[in-house]
Amino acid sequence: MKSKLISTAVMGLSAFAVGKAVELAWKIATGNNPPSAEEGDSTTRLLAFAIVSAAAVTVAQRFAAQKTNQFIEAHGL
């Protein structure tokens, strides 16, 4: 049970951190805030941002899950 809580917390934190990093990278790369449907941004920009965000979060969560499982096994949690 403890290991599931640890894994959930680590994956949630990694998703949040990577999401913020993607937003910052988008702003640096484009000079604009990330697109939003409320602001009337184009579908192309929304889709591009969604794809980049989803890919980055997926990779980060996969890495976090692997490292968390290794830590849990090594420390007998």
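FYI, the numbering just counts along the sequence from 1.
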Listed by chain and number, what are the salt bridge (Lys or Arg N to Asp or Glu O under 4.0 Å) partners of K20, not counting sequence neighbours? E23
Checking the side chain of D41 only, and the main-chain atoms of L46 only, is there a donor and an acceptor separated by less than 3.5 Å? no
Considering all heavy atoms, the nearest A60-S14 contact: O-OG, 4.2 Å
Should V10 and Q61 count as side-chain neighbours, where that means a heavy-atom distance under 4.5 Å? no
Which atoms form the tightest heavy-atom contact between N33 and R45, and what is the distance? O-NH2, 3.6 Å
How long is the span from the CZ atom in F49 to the OG1 atom in T30, to the nearest 0.5 Å? 9.5 Å
Residue set satisfying side chain to side chain contact (heavy atoms under 4.5 Å, CB included) with S7, at least two apart, ordered chain then number -> T68, N69, I72
Just so I know, are the side chains of W26 and S53 near enough to count as touching, which here means a heavy-atom distance under 4.5 Å? no
Per the salt bridge (Lys or Arg N to Asp or Glu O under 4.0 Å) rule, what does the pair list look like for residues 49-74, sequence neighbours excluded? none
Verify side chain to side chain contact (heavy atoms under 4.5 Å, CB included) between F71 and I6, making sure each step is shown before the conclusion. CA-CA 10 Å; F71 178 84; I6 293 169; 5.6 Å; no
Hydrophobic cluster identity match, V18 and V52, side-chain contacts under 4.5 Å: yes
